[in-house]
There are 2 protein chains.
Amino acid sequence: MERFAADPNAPLAEFLCFSVYSAGHAFNRLYRPLLDELALTYPQYLVMQLLWSKDGRSVKEFGQALRLESSTLTPLLKRLQASGLIERKRDADDERVVRVHLTEKGHALRGQAADVPGCIAKAIGLESDELAKLARTLDNLRDRITVESENLADTT
Amino acid sequence: MERFAADPNAPLAEFLCFSVYSAGHAFNRLYRPLLDELALTYPQYLVMQLLWSKDGRSVKEFGQALRLESSTLTPLLKRLQASGLIERKRDADDERVVRVHLTEKGHALRGQAADVPGCIAKAIGLESDELAKLARTLDNLRDRITVESENLADTT
DNA sequence: TACGATTAAATCGTGTACGATATATAAAAC
DNA sequence: GTTTTATATATCGTACACGATTTAATCGTA
């Protein structure tokens, strides 16, 4: 392997990686108390969002949209099925494909989830312009989210 | 729970969350082939970095630096101990505290890891100025990382 | 049309991550 | 000085997340 240790940007790059890593955890902790009320995890919530926008997606489509492998999605979808929110059926035209459909209960959950995006937006507390800039410093964002996350947890 | 669904930033906020979430995965996939050569995971690598900069840290200090809980760190540190890279000892002055020290092997790994930051910096491909702006769009960053990650995996 | 190659999911093993809880030690309060 | 409180790790159960591999179905092409 080549050596790039002399690159002066090397430490900054690693700081950025850690910022993303820890910001991800912070977001997860922010979502958790909201999604607990829906008995969903964050990845499950993402799957439900996709289904609410378009029903009958294949496992592959979820993988492309969420950048996840079938080894992650298959167990996740089975858990959503066990919760009674979705059904999984082999495609009649192509038996390799598994298509996911919302149940009554899955449709009904949509109303309950309507609050979530607004709560997140409020917790993040950014204007549309700033969102487009994607948070000038992820570290500051992470800290703010952590505080908001704790506040949300307190009032729940 | 209050309703904020009318907030026009709500969808943007959720997009940002997903950007961070998926960028985190992308970084992980970028690091994996590099860290495989060291037989480390990314969180284990972070712990080693902290130890290389200052030995004898407590579990709590790792938790504060990495924003992780003891329920995450304890098993992780036990695995590093099982690999022979670190030792865990109760602090003599305060028996509640567990302090972590590098072994010979742990010290030696530092040299092997010297390449990693430069490889990451190169893969991300940003100047110092841009790093300070923290990637104007995390989605673009994620895509670039994914490509670089695949390239790295090919040549390994 | 047969058969090798490709594709879509599923399975398996390992390693995070967390909240809730437990345990042991130390500090504080009385 | 004992009892309460706080602190530092550890344990447990659940759920991602991945790479490697497997299985089954479809496609390509000779």
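Worth knowing before you read on, the calculation uses all heavy atoms, side chains too, and leaves out hydrogens, waters and symmetry mates. Note that the coordinates shown come from a computational prediction; the quantities given were computed from them, not determined experimentally. Naming convention: chains lettered A, B, ... in sequence-line order (proteins, then strands); numbering from 1 in each chain.
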Engineer: May I ask you to decide if the ring planes of A:Tyr42 and A:Tyr31 are parallel, tilted or perpendicular, using 30° and 60° as cut-offs?
Structural biologist: tilted
Engineer: With the side chain of A:Thr41 defined as its heavy atoms from C-beta on, choose the nearest nucleotide among D:dA15, D:dG19, C:dC18.
Structural biologist: D:dA15
Engineer: Starting at NZ of A:Lys60 and ending at P of D:dA25, how long is that distance when rounded to a whole Å?
Structural biologist: 18 Å
Engineer: Mind checking if A:Asp36 touches a base, just sugar-phosphate, or nothing, with heavy atoms under 4.0 Å?
Structural biologist: nothing
Engineer: Quick one: does A:Lys105's side chain have a donor or acceptor within less than 3.5 Å of a partner on A:Ser83's backbone?
Structural biologist: yes
Engineer: Rounded to the nearest angstrom, tell me the gap between atom CG in B:Leu35 and atom C1' in C:dG15.
Structural biologist: 13 Å
Engineer: Does B:Gln44 place a side-chain N or O at less than 4.0 Å from the phosphate oxygens OP1/OP2 of C:dG15?
Structural biologist: no
Engineer: Tell me the interatomic distance from B:Leu30, atom CG, to D:dA17, atom P, rounded to whole angstroms.
Structural biologist: 18 Å
Engineer: Answer with base, sugar-phosphate or nothing: what part of the nucleic acid does A:Leu76 contact at a heavy-atom distance below 4.0 Å?
Structural biologist: sugar-phosphate
Engineer: Spell out, as yes or no, whether a donor-acceptor pair under 3.5 Å connects the side chain of B:Arg88 to the backbone of B:Arg99.
Structural biologist: no
Engineer: On DNA chain D, nearest-nucleotide positions of A:Asp91 versus A:Pro43: which is more 5'?
Structural biologist: A:Pro43
Engineer: Looking for any heavy atom pair under 4.0 Å, which part of the strands does A:Leu68 touch: base, sugar-phosphate only, or nothing?
Structural biologist: sugar-phosphate
Engineer: Using whole Å, what does the distance between atom C1' of nucleotide D:dA17 and atom OH of B:Tyr42 come to?
Structural biologist: 16 Å
Engineer: Given C:dT16, D:dC18, D:dT9, which nucleotide is nearest the side-chain atoms of B:His25?
Structural biologist: D:dC18
Engineer: Of the listed nucleotides (C:dC18, D:dC18, C:dA9), which one gets closest to any side-chain atom of B:Glu69?
Structural biologist: C:dC18
Engineer: Between B:Glu61 (side chain only) and B:Ser58 (backbone N and O only), is there a donor and an acceptor less than 3.5 Å apart?
Structural biologist: yes
Engineer: To the nearest Å, give me how far apart CG (A:Leu34) and P (C:dG19) are.
Structural biologist: 14 Å
Engineer: Kindly indicate whether the side chain of A:Met48, heavy atoms from C-beta on, has any atom under 4.5 Å from the side chain of A:Leu102.
Structural biologist: yes
Engineer: Mind calculating the distance between CG (A:Asp94) and P (C:dA9) to the nearest angstrom?
Structural biologist: 8 Å
Engineer: Taking only N and O in the side chain of B:Arg96, is any of them less than 4.0 Å away from OP1 or OP2 of C:dT23?
Structural biologist: no
Engineer: Do any side-chain nitrogens or oxygens of B:Arg79 fall under 4.0 Å of OP1 or OP2 in C:dT16?
Structural biologist: yes
Engineer: Measure the distance from CG on A:Leu77 to C1' on D:dC16 and round it to the nearest whole Å.
Structural biologist: 13 Å
Engineer: Taking only the side-chain heavy atoms of A:Arg90 (C-beta and beyond), determine which of C:dA10, D:dA8, D:dA10 contains the nearest atom.
Structural biologist: C:dA10
Engineer: Can you confirm whether A:His25 sits close enough to B:Arg67 that some side-chain heavy atom of one is under 4.5 Å from a side-chain heavy atom of the other?
Structural biologist: no
Engineer: Which nucleotide in the list D:dA25, C:dA9, D:dA10 gets nearest to the side chain of A:Glu95?
Structural biologist: D:dA25
Engineer: Check whether any side-chain nitrogen or oxygen of B:Ser70 sits under 4.0 Å from OP1 or OP2 of D:dT9, and answer yes or no.
Structural biologist: no
Engineer: Within less than 4.0 Å of OP1 or OP2 of D:dC16, is there a side-chain N or O belonging to A:Thr72?
Structural biologist: no
Engineer: Would you say B:Ser71 reaches C:dG19's phosphate, i.e. side-chain N/O to OP1/OP2 under 4.0 Å?
Structural biologist: no
Engineer: Counting only side-chain N and O atoms of A:Tyr21, is one of them less than 4.0 Å from OP1 or OP2 of C:dA17?
Structural biologist: yes
Engineer: Carefully, step by step, assess B:Leu50 and B:Val100 under the rule side chain to side chain contact (heavy atoms under 4.5 Å, CB included).
Structural biologist: CA-CA 11 Å; B:Leu50 288 172; B:Val100 178; over 6 Å; no
Engineer: Phosphate oxygens OP1/OP2 of C:dA8: is one of them under 4.0 Å from a side-chain N or O of A:Ser58?
Structural biologist: no
Engineer: Strictly below 4.0 Å: does B:Lys78 bring a side-chain N or O up to OP1 or OP2 of D:dT11?
Structural biologist: yes
Engineer: Answer yes or no: does a side-chain N or O of B:Arg88 lie under 4.0 Å from OP1 or OP2 of D:dA10?
Structural biologist: yes
Engineer: Rounding to an integer number of Å, can you tell me how far A:Phe62 CZ sits from D:dA17 P?
Structural biologist: 15 Å
